Amino acid sequence: MADSTTREPYPPTAFGLGPLPGTDLTAAADVVLSESPVPHIPQLPARGAGSDLIGRTAALLPLNLDIGPRSWRVTRRPQLATMRARDQFERDLDALEELWAGKLAADSVLKVQLVGPWTLAAQLEMGNGHRMLTDRGATRDIAEALEYAVGEHRRDVEKRFGVNTLLQLDEPSLPAVQRGDVKGATDYEEIPSVPDERVLEVLGQFGGHLLNSPEPLYGADWFTVDPAGSIDLDAFAGALDRGARIAVPVMEPREVFDLFDRLQIDPAETTIDVCAQTGPTLMATARNYRAAAEMADALKSDS
(Lines give C-alpha, C1' and ligand atoms only; values in the text may rest on other atoms or scores of the structure.)
Protein backbone atom coordinates (compact mmCIF):
# COMPACT_ATOMS: atom_id res chain seq x y z
CA MET A 1 0.00 0.00 0.00
CA ALA A 2 1.29 3.45 -0.91
CA ASP A 3 2.48 5.87 1.73
CA SER A 4 -0.70 7.82 2.56
CA THR A 5 1.28 10.97 3.36
CA THR A 6 2.25 11.39 -0.28
CA ARG A 7 0.17 12.96 -2.99
CA GLU A 8 -1.85 10.31 -4.80
CA PRO A 9 -1.07 10.34 -8.56
CA TYR A 10 -4.46 9.27 -9.87
CA PRO A 11 -6.08 10.75 -13.01
CA PRO A 12 -8.76 13.49 -13.01
CA THR A 13 -11.93 12.33 -11.32
CA ALA A 14 -15.04 13.39 -9.37
CA PHE A 15 -16.04 13.15 -5.73
CA GLY A 16 -18.37 14.56 -3.12
CA LEU A 17 -17.00 16.93 -0.49
CA GLY A 18 -18.26 14.89 2.45
CA PRO A 19 -21.49 16.13 4.10
CA LEU A 20 -24.77 14.50 3.11
CA PRO A 21 -28.33 15.38 4.17
CA GLY A 22 -30.33 13.35 6.64
CA THR A 23 -29.35 10.91 9.37
CA ASP A 24 -29.42 7.55 7.55
CA LEU A 25 -25.84 6.29 7.26
CA THR A 26 -26.85 3.20 5.24
CA ALA A 27 -28.61 5.27 2.57
CA ALA A 28 -25.78 7.81 2.49
CA ALA A 29 -23.18 5.06 2.12
CA ASP A 30 -25.11 3.59 -0.81
CA VAL A 31 -25.18 6.95 -2.63
CA VAL A 32 -21.48 7.55 -2.05
CA LEU A 33 -20.43 4.10 -3.27
CA SER A 34 -22.80 3.87 -6.24
CA GLU A 35 -22.57 7.42 -7.60
CA SER A 36 -19.04 8.67 -6.95
CA PRO A 37 -15.88 7.51 -8.79
CA VAL A 38 -13.97 8.26 -5.58
CA PRO A 39 -16.11 7.25 -2.58
CA HIS A 40 -15.69 9.03 0.73
CA ILE A 41 -16.54 8.55 4.38
CA PRO A 42 -20.06 10.05 4.67
CA GLN A 43 -20.67 12.91 7.08
CA LEU A 44 -24.15 13.43 8.51
CA PRO A 45 -24.15 16.78 10.37
CA ALA A 46 -27.94 16.62 10.85
CA ARG A 47 -27.34 14.05 13.60
CA GLY A 48 -26.13 16.89 15.82
CA ALA A 49 -23.20 17.36 18.20
CA GLY A 50 -20.35 15.01 17.43
CA SER A 51 -21.40 14.77 13.78
CA ASP A 52 -21.00 18.50 13.18
CA LEU A 53 -18.06 20.04 11.34
CA ILE A 54 -15.82 20.42 14.39
CA GLY A 55 -17.18 17.51 16.43
CA ARG A 56 -16.21 14.81 13.91
CA THR A 57 -12.58 15.91 13.97
CA ALA A 58 -12.60 16.63 17.70
CA ALA A 59 -13.58 12.99 18.21
CA LEU A 60 -10.25 11.88 16.74
CA LEU A 61 -7.94 14.36 18.46
CA PRO A 62 -5.75 13.12 21.34
CA LEU A 63 -7.25 15.86 23.51
CA ASN A 64 -9.98 16.20 26.11
CA LEU A 65 -12.74 18.41 24.73
CA ASP A 66 -16.26 19.45 25.65
CA ILE A 67 -18.98 21.57 24.08
CA GLY A 68 -18.68 25.10 25.47
CA PRO A 69 -21.03 28.11 25.18
CA ARG A 70 -19.72 29.00 21.71
CA SER A 71 -17.72 26.03 20.48
CA TRP A 72 -15.78 22.96 21.55
CA ARG A 73 -13.37 23.71 24.38
CA VAL A 74 -10.23 21.99 25.71
CA THR A 75 -10.72 20.49 29.18
CA ARG A 76 -8.48 18.80 31.73
CA ARG A 77 -10.42 15.55 31.90
CA PRO A 78 -12.35 13.40 29.40
CA GLN A 79 -15.88 14.67 28.86
CA LEU A 80 -19.08 12.84 27.88
CA ALA A 81 -19.49 14.85 24.65
CA THR A 82 -16.08 13.76 23.36
CA MET A 83 -16.60 10.14 24.38
CA ARG A 84 -19.97 10.07 22.60
CA ALA A 85 -18.45 11.60 19.46
CA ARG A 86 -15.64 9.02 19.44
CA ASP A 87 -18.10 6.19 19.95
CA GLN A 88 -20.30 7.48 17.10
CA PHE A 89 -17.31 7.72 14.76
CA GLU A 90 -16.19 4.18 15.62
CA ARG A 91 -19.68 2.77 15.13
CA ASP A 92 -19.95 4.54 11.75
CA LEU A 93 -16.70 2.97 10.55
CA ASP A 94 -17.84 -0.43 11.80
CA ALA A 95 -21.11 -0.05 9.88
CA LEU A 96 -19.36 1.13 6.70
CA GLU A 97 -16.92 -1.76 6.92
CA GLU A 98 -19.89 -4.15 6.88
CA LEU A 99 -21.86 -2.25 4.21
CA TRP A 100 -18.90 -1.94 1.83
CA ALA A 101 -17.40 -5.39 2.45
CA GLY A 102 -16.06 -6.76 -0.86
CA LYS A 103 -17.31 -3.73 -2.82
CA LEU A 104 -14.10 -1.67 -2.93
CA ALA A 105 -11.41 -2.73 -5.37
CA ALA A 106 -7.91 -3.11 -3.93
CA ASP A 107 -6.62 -0.36 -6.25
CA SER A 108 -9.40 2.11 -5.41
CA VAL A 109 -9.10 5.24 -3.29
CA LEU A 110 -11.30 6.19 -0.34
CA LYS A 111 -11.46 9.85 0.65
CA VAL A 112 -11.47 10.93 4.29
CA GLN A 113 -12.39 14.45 5.39
CA LEU A 114 -11.28 16.26 8.52
CA VAL A 115 -11.26 19.89 9.59
CA GLY A 116 -7.93 21.60 8.89
CA PRO A 117 -5.59 23.06 11.53
CA TRP A 118 -6.47 26.71 10.97
CA THR A 119 -10.22 26.23 11.29
CA LEU A 120 -9.62 24.15 14.41
CA ALA A 121 -7.39 26.89 15.86
CA ALA A 122 -10.04 29.49 15.01
CA GLN A 123 -12.97 27.51 16.40
CA LEU A 124 -11.62 25.53 19.36
CA GLU A 125 -11.25 27.35 22.66
CA MET A 126 -8.67 26.95 25.38
CA GLY A 127 -9.77 26.40 28.97
CA ASN A 128 -9.76 30.18 29.55
CA GLY A 129 -12.32 30.73 26.78
CA HIS A 130 -9.93 32.32 24.29
CA ARG A 131 -9.58 30.80 20.85
CA MET A 132 -6.52 28.66 20.31
CA LEU A 133 -5.60 30.93 17.39
CA THR A 134 -4.69 33.65 19.90
CA ASP A 135 -1.78 31.59 21.24
CA ARG A 136 1.00 30.50 18.87
CA GLY A 137 1.93 27.60 21.13
CA ALA A 138 -1.67 26.40 21.27
CA THR A 139 -1.93 26.72 17.48
CA ARG A 140 1.18 24.59 17.12
CA ASP A 141 -0.21 22.04 19.60
CA ILE A 142 -3.53 21.70 17.77
CA ALA A 143 -1.74 21.24 14.44
CA GLU A 144 0.43 18.51 15.94
CA ALA A 145 -2.59 16.83 17.55
CA LEU A 146 -4.41 16.92 14.21
CA GLU A 147 -1.38 15.55 12.36
CA TYR A 148 -1.36 12.60 14.77
CA ALA A 149 -5.14 12.10 14.40
CA VAL A 150 -4.92 12.22 10.60
CA GLY A 151 -2.25 9.53 10.56
CA GLU A 152 -4.14 7.27 12.95
CA HIS A 153 -7.44 7.74 11.12
CA ARG A 154 -5.98 7.02 7.69
CA ARG A 155 -4.17 3.93 8.90
CA ASP A 156 -7.37 2.67 10.53
CA VAL A 157 -9.45 3.27 7.38
CA GLU A 158 -6.82 1.71 5.12
CA LYS A 159 -6.63 -1.37 7.33
CA ARG A 160 -10.41 -1.74 7.52
CA PHE A 161 -11.12 -1.34 3.80
CA GLY A 162 -7.85 -2.51 2.22
CA VAL A 163 -7.48 0.59 0.04
CA ASN A 164 -5.41 3.77 -0.10
CA THR A 165 -6.88 6.95 1.36
CA LEU A 166 -7.03 10.48 0.06
CA LEU A 167 -7.08 13.29 2.62
CA GLN A 168 -9.33 16.33 2.34
CA LEU A 169 -8.80 19.14 4.84
CA ASP A 170 -11.84 21.40 5.27
CA GLU A 171 -10.88 24.98 6.09
CA PRO A 172 -14.08 27.10 6.16
CA SER A 173 -12.48 29.59 8.58
CA LEU A 174 -9.25 30.01 6.62
CA PRO A 175 -10.25 33.23 4.80
CA ALA A 176 -11.15 34.85 8.15
CA VAL A 177 -7.83 33.66 9.62
CA GLN A 178 -5.91 35.21 6.73
CA ARG A 179 -7.81 38.51 6.92
CA GLY A 180 -7.80 38.82 10.71
CA ASP A 181 -11.60 38.55 10.86
CA VAL A 182 -11.83 35.83 13.51
CA LYS A 183 -13.81 37.17 16.47
CA GLY A 184 -12.18 37.13 19.87
CA ALA A 185 -13.66 36.13 23.20
CA THR A 186 -14.77 39.73 23.76
CA ASP A 187 -15.57 42.68 21.51
CA TYR A 188 -12.25 44.24 22.53
CA GLU A 189 -10.02 41.28 21.64
CA GLU A 190 -8.52 41.56 18.18
CA ILE A 191 -6.96 38.50 16.60
CA PRO A 192 -4.34 39.48 14.01
CA SER A 193 -4.25 38.01 10.53
CA VAL A 194 -1.96 35.06 9.79
CA PRO A 195 0.36 35.53 6.78
CA ASP A 196 0.15 33.10 3.89
CA GLU A 197 3.67 31.82 4.57
CA ARG A 198 2.69 30.69 8.05
CA VAL A 199 -0.59 29.19 6.80
CA LEU A 200 1.23 27.15 4.15
CA GLU A 201 3.95 26.10 6.58
CA VAL A 202 1.40 24.50 8.91
CA LEU A 203 -0.65 22.95 6.11
CA GLY A 204 2.55 21.48 4.69
CA GLN A 205 2.78 19.20 7.74
CA PHE A 206 -0.05 17.11 6.31
CA GLY A 207 1.58 16.06 3.05
CA GLY A 208 -0.49 15.76 -0.11
CA HIS A 209 -4.13 16.66 0.45
CA LEU A 210 -7.07 18.45 -1.11
CA LEU A 211 -7.65 21.82 0.56
CA ASN A 212 -11.36 22.68 0.65
CA SER A 213 -11.94 26.32 1.54
CA PRO A 214 -14.50 29.00 0.54
CA GLU A 215 -11.64 30.94 -1.05
CA PRO A 216 -8.74 29.23 -2.84
CA LEU A 217 -5.28 29.32 -1.30
CA TYR A 218 -3.12 29.74 -4.38
CA GLY A 219 0.00 28.51 -2.63
CA ALA A 220 -1.57 25.09 -2.08
CA ASP A 221 -0.79 22.15 -4.35
CA TRP A 222 -4.41 21.02 -4.64
CA PHE A 223 -7.44 23.14 -3.83
CA THR A 224 -11.12 23.69 -4.58
CA VAL A 225 -11.98 26.71 -6.69
CA ASP A 226 -15.05 28.03 -8.49
CA PRO A 227 -13.93 29.47 -11.86
CA ALA A 228 -17.32 31.15 -12.22
CA GLY A 229 -16.81 33.05 -8.96
CA SER A 230 -14.61 35.97 -8.01
CA ILE A 231 -11.01 34.78 -8.19
CA ASP A 232 -7.61 36.43 -8.46
CA LEU A 233 -6.77 35.53 -12.06
CA ASP A 234 -3.06 36.36 -11.73
CA ALA A 235 -2.68 34.25 -8.59
CA PHE A 236 -4.75 31.48 -10.13
CA ALA A 237 -2.63 31.44 -13.26
CA GLY A 238 0.52 31.40 -11.12
CA ALA A 239 -0.75 28.38 -9.18
CA LEU A 240 -1.51 26.51 -12.40
CA ASP A 241 1.89 27.43 -13.86
CA ARG A 242 3.63 25.75 -10.94
CA GLY A 243 1.56 22.61 -11.34
CA ALA A 244 -1.27 22.99 -8.81
CA ARG A 245 -4.20 20.59 -9.11
CA ILE A 246 -7.73 22.02 -8.85
CA ALA A 247 -11.20 20.72 -8.05
CA VAL A 248 -14.10 22.66 -9.61
CA PRO A 249 -17.85 22.45 -9.00
CA VAL A 250 -20.23 21.09 -11.62
CA MET A 251 -20.54 23.43 -14.59
CA GLU A 252 -20.33 23.28 -18.36
CA PRO A 253 -16.84 22.06 -19.33
CA ARG A 254 -16.72 24.89 -21.85
CA GLU A 255 -16.76 27.41 -18.98
CA VAL A 256 -13.60 25.87 -17.56
CA PHE A 257 -11.86 25.79 -20.93
CA ASP A 258 -12.87 29.40 -21.64
CA LEU A 259 -11.11 30.50 -18.46
CA PHE A 260 -7.97 28.61 -19.44
CA ASP A 261 -8.13 30.28 -22.86
CA ARG A 262 -8.26 33.69 -21.19
CA LEU A 263 -5.23 32.78 -19.11
CA GLN A 264 -3.46 31.31 -22.16
CA ILE A 265 -2.85 28.06 -20.29
CA ASP A 266 -3.26 24.60 -21.80
CA PRO A 267 -5.86 22.74 -19.66
CA ALA A 268 -4.23 19.45 -20.66
CA GLU A 269 -1.28 20.44 -18.47
CA THR A 270 -3.49 20.84 -15.38
CA THR A 271 -5.24 18.11 -13.43
CA ILE A 272 -8.89 19.13 -13.07
CA ASP A 273 -11.19 17.25 -10.70
CA VAL A 274 -14.90 17.86 -10.19
CA CYS A 275 -16.46 18.18 -6.73
CA ALA A 276 -20.16 17.54 -6.21
CA GLN A 277 -22.13 19.83 -3.92
CA THR A 278 -24.53 18.51 -1.28
CA GLY A 279 -28.19 18.78 -2.27
CA PRO A 280 -31.20 19.42 -0.01
CA THR A 281 -32.11 15.72 -0.13
CA LEU A 282 -30.18 12.50 -0.59
CA MET A 283 -31.80 12.01 -4.00
CA ALA A 284 -30.73 15.49 -5.11
CA THR A 285 -27.23 14.82 -3.81
CA ALA A 286 -27.08 11.59 -5.82
CA ARG A 287 -27.98 13.57 -8.95
CA ASN A 288 -25.20 16.03 -8.17
CA TYR A 289 -22.72 13.16 -7.79
CA ARG A 290 -23.76 11.74 -11.18
CA ALA A 291 -23.43 15.17 -12.80
CA ALA A 292 -19.94 15.57 -11.35
CA ALA A 293 -18.88 12.17 -12.73
CA GLU A 294 -20.29 13.06 -16.15
CA MET A 295 -18.46 16.38 -16.16
CA ALA A 296 -15.18 14.69 -15.18
CA ASP A 297 -15.60 12.32 -18.11
CA ALA A 298 -16.37 15.24 -20.43
CA LEU A 299 -13.28 17.13 -19.29
CA LYS A 300 -11.10 14.09 -19.95
CA SER A 301 -12.54 13.56 -23.44
CA ASP A 302 -12.34 17.24 -24.41
CA SER A 303 -8.85 17.97 -23.09
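Everything quoted here is computed from the prediction, not taken from an experiment.
Heavy atoms from other residues, nucleotides or ligands lying under 6.0 Å from CD of Gln205 number more than 12. No more than 12 heavy atoms of other residues, nucleotides or ligands lie within 6.0 Å of CZ in Arg136, so this atom counts as exposed by the packing criterion. Counting non-hydrogen atoms of neighbouring residues, nucleotides and ligands closer than 6.0 angstrom, the CZ atom of Arg242 exceeds 12 such neighbours. For CD of Glu190, the number of neighbouring non-hydrogen atoms (other residues, nucleotides, ligands) closer than 6.0 Å is 12 at most. Heavy atoms of other residues, nucleotides or ligands lying less than 6.0 angstrom from CZ of Arg84 number 12 at most. Remark: Met83 CE is packed, more than 12 non-hydrogen atoms of other residues, nucleotides or ligands lying under 6.0 Å away.
Closest of all the heavy-atom pairs between Pro216 and Val225 is CG-CG2, 3.9 Å. Among all heavy-atom pairs drawn from Asn288 and Thr278, the shortest one is ND2-C, 4.0 Å. For Ala85 against Gly55, the heavy-atom pair with the smallest separation is CB-O, 4.1 Å. Of all non-hydrogen atoms in Ala237 and Leu263, the two that sit nearest each other are CB-CD2, 4.2 Å. Nearest heavy atoms, Leu17 versus Gln277: CD1-NE2, 4.1 Å. What you find for Ala49 and Ile67 is that their closest heavy atoms are CB-CD1, 3.5 Å.
With rounding to the nearest 0.5 angstrom, the CG atom of Leu63 is 9.0 Å from the OG1 atom of Thr82. Put simply, OH on Tyr289 and NE2 on His40 are 2.5 Å apart, with the number rounded to the nearest 0.5 Å. Going from atom CZ of Arg131 over to atom CD of Glu189 covers 8.5 Å, rounded to the nearest 0.5 Å. The line from CD of Glu152 to CD of Glu147 is 11.5 Å long, rounded to the nearest 0.5 Å. With rounding to the nearest 0.5 angstrom, the CG atom of Leu124 is 10.5 Å from the OG1 atom of Thr139. For the atom pair Leu299 CG and Thr271 OG1, the distance stands at 11.5 Å (nearest 0.5 Å).
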Next item on the list: In sequence, state the C-alpha distance, the side-chain angles, and the governing distance for Phe236 and Ile265, and then conclude on side chain to side chain contact (heavy atoms under 4.5 Å, CB included).
Entry: CA-CA 11 Å; Phe236 183 58; Ile265 293 176; over 6 Å; no
Next item on the list: Could you please spell out the steps behind the side-chain hydrogen bond (donor to acceptor under 3.5 Å, both in side chains) verdict for Asn64 and Thr75?
Entry: CA-CA 5 Å; Asn64 295 321; Thr75 60; 5.2 Å; no
Checklist line | side chain to side chain contact (heavy atoms under 4.5 Å, CB included) between Ile231 and Asp226, intermediate numbers included | finding: CA-CA 8 Å; Ile231 62 175; Asp226 184 358; 5.9 Å; no
Next item on the list: Output, in order, the C-alpha distance, side-chain angles, deciding distance and verdict of side chain to side chain contact (heavy atoms under 4.5 Å, CB included) for Asp273 and Val38.
Entry: CA-CA 11 Å; Asp273 301 303; Val38 175; over 6 Å; no
Margin query: The test is side chain to side chain contact (heavy atoms under 4.5 Å, CB included); show your working for Leu210 and Thr224 and say whether it passes.
Written below: CA-CA 7 Å; Leu210 170 66; Thr224 56; 4.1 Å; yes
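Contact check for Pro39 versus Ser34: no side-chain heavy atoms found under the 4.5 Å cut-off. Residues Phe206 and Leu211 form no side-chain contact, since every pair of their non-hydrogen atoms from C-beta on lies 4.5 Å or further apart. Under the 4.5 Å side-chain criterion, counting only non-hydrogen atoms from C-beta, Leu217 is in contact with Leu203. Here the side chains of Asp196 and Tyr218 are not in contact, with every heavy-atom distance at 4.5 Å or above. Looking only at side-chain heavy atoms (C-beta outward), Leu167 and His153 stay at 4.5 Å or farther from each other. The closest side-chain heavy-atom distance from Glu144 to Asp141 is below 4.5 Å. Residues Leu99 and Leu33 form no side-chain contact, since every pair of their non-hydrogen atoms from C-beta on lies 4.5 Å or further apart. Contact of the Thr57 side chain with the Asp170 side chain is not registered, since no non-hydrogen atoms from C-beta on lie closer than 4.5 Å.
The closest donor-acceptor contact from the side chain of Thr23 to the backbone of Ala46 lies at 3.5 Å or more, if one exists at all. Of the possible donor and acceptor atoms, one in the side chain of Arg86 sits under 3.5 Å from a partner among the backbone N and O of Ala59.
Taken together through direct or relayed side-chain contacts under 4.5 Å among Ile, Leu, Val, Met, Phe, Trp and Tyr, Ile272 and Met251 form part of one hydrophobic cluster. Note: the hydrophobic cluster containing Tyr148 does not contain Trp118 (ILVMFWY, side chain heavy atoms under 4.5 Å, direct or indirect links).
Between Asp135 and Arg140 there is no salt bridge, since none of the side-chain N atoms of the basic residue sits less than 4.0 Å from a carboxylate O of the acidic one. A salt bridge links Arg160 with Glu90: at least one charged nitrogen is closer than 4.0 Å to a carboxylate oxygen. Ionic pairing of Arg155 and Glu158 is not present here: no N-O contact between side-chain nitrogen and carboxylate oxygen is shorter than 4.0 angstrom. Ion pair Asp261/Arg254 flagged as a salt bridge, since at least one NZ, NE, NH1 or NH2 atom sits closer than 4.0 Å to an Asp/Glu carboxylate oxygen. Ionic pairing of Asp94 and Arg91 is not present here: no N-O contact between side-chain nitrogen and carboxylate oxygen is shorter than 4.0 angstrom.
Put simply, the residue from Arg56, His209, Gln43 that forms a side-chain hydrogen bond (donor to acceptor under 3.5 Å, both in side chains) with Gln113 is Gln43. Between Leu110 and the choices Val157, Asn164, Leu166, the side-chain contact (heavy atoms from CB on, under 4.5 Å) rule is met once, by Val157. With respect to Ile41, the side-chain contact (heavy atoms from CB on, under 4.5 Å) criterion is satisfied by exactly one of Asp92, Leu114, Leu93, Thr165: Leu93.
Between Ser173 and Gln123, the side chains place a donor N or O and an acceptor N or O closer than 3.5 Å (distance only, hydrogens not considered).
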